[in-house]
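Single-structure report; data block below.
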Amino acid sequence: MENEEDPVKRQQIIDARARNISHNVRCLECGSQSIEESQADIAVLLRKLIRDEIRSGKSDKDIYNKLENEYGETILYAPKFDWQTAGLWLSPLVIAGVAGGIWAYGRHRQRTNVHLLALNLTRGIPLTPKEKETMLEILIPPQPEGFLPSSPWWTRWLPK
């Protein structure tokens with residue numbers, strides 16, 4: 001009885017491994033389906049190739065490497081992370097960081113003490129107290145109502 005179950009178990013293991021590999025391999029004709037789901041001719045051939053490779057004793061990694069070498073990296077759903085693709089994967093973070101830095105610099109520039117700069121420019125020029133007061137009223141930005149200047153930036157959007 002063991003001899004009869006042994007080939008059945010072996011075939012079940014081969015089928016399970018083949019299905020697992022086939023779920024991670026993209027159909028070259030369909031593009032959006034794995035070769036396990038696709039009924040295209042190339043998908044059927046690739047499934048047969050995978051089963052033949054498993055029967056010949058190759059590991060999953062060897063099969064993935066063979067498929068990648070023959071058909072290119074795009075056949076795998078999970079491409080390798082290397083220096084060539086690092087720019088593609090990390091570019092959204094870099095762009096967000098640069099945009100955040102530009103935004104923070106703009107916010108910092110808005111909050112500089114413009115009135116002090118203006119007073120330094122007019123240091124040698126005699127101004128009456130009324131002129132100085134008018135200049136400060138124009139140059140000093142109004143404080144937000146109901147908030148301390150040291151409150152976090154996100155408190156501006158809280159309901160009052």
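- Residues Q11 and R55 meet the side-chain proximity criterion, which asks for heavy atoms closer than 4.5 Å.
- In this structure, I75 and L67 approach most closely via the heavy-atom pair CG2-O, 3.9 Å.
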Given side chain to side chain contact (heavy atoms under 4.5 Å, CB included), test I13 with R10 step by step and report yes or no. CA-CA 5 Å; I13 291 171; R10 180 170 160 74; 5.8 Å; no
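- Side chain of R26 to backbone of T74: a donor-acceptor contact under 3.5 angstrom is found.
- Using a cutoff of 4.0 Å between basic side-chain nitrogens and carboxylate oxygens, D52 and K48 are scored as salt-bridged.
- Side chains of V25 and S34 form no contact here, defined as non-hydrogen atoms less than 4.5 Å apart.
- Nearest heavy-atom pair across I21 and Y64 is CA-OH, 3.5 Å.
- When all heavy atoms of S38 and R47 are compared, the closest pair comes out as O-NH1, 2.8 Å.
- Between K66 and E53, at least one side-chain nitrogen of the basic residue sits less than 4.0 Å from a carboxylate oxygen of the acidic one, meeting the salt-bridge criterion.
- A 4.5 Å side-chain heavy-atom check between I54 and K58 finds every atom pair outside the cut-off.
- The heavy-atom pair separating I42 from C27 by the smallest distance is CG2-SG, 4.2 Å.
- Here the closest heavy-atom approach between residue A18 and residue E36 is recorded as O-OE1, 4.4 Å.
- When side chains are defined from C-beta on, L49 does not count as touching I63, because their heavy atoms never get closer than 4.5 Å.
- With rounding to the nearest 0.5 angstrom, the CD atom of E70 is 9.0 Å from the CG atom of L46.
- Partner of I50 under the side chain to side chain contact (heavy atoms under 4.5 Å, CB included) criterion, out of I35, I14, N20: I35 alone.
- Side-chain contact between D62 and S59 is present, with at least one heavy-atom pair separated by less than 4.5 Å.
- For N69, the CG atom counts as densely surrounded, since its 6.0 Å shell holds more than 12 non-hydrogen atoms of other residues, nucleotides or ligands.
- Counting heavy atoms from C-beta outward, L76 and E68 have side chains that approach closer than 4.5 Å.
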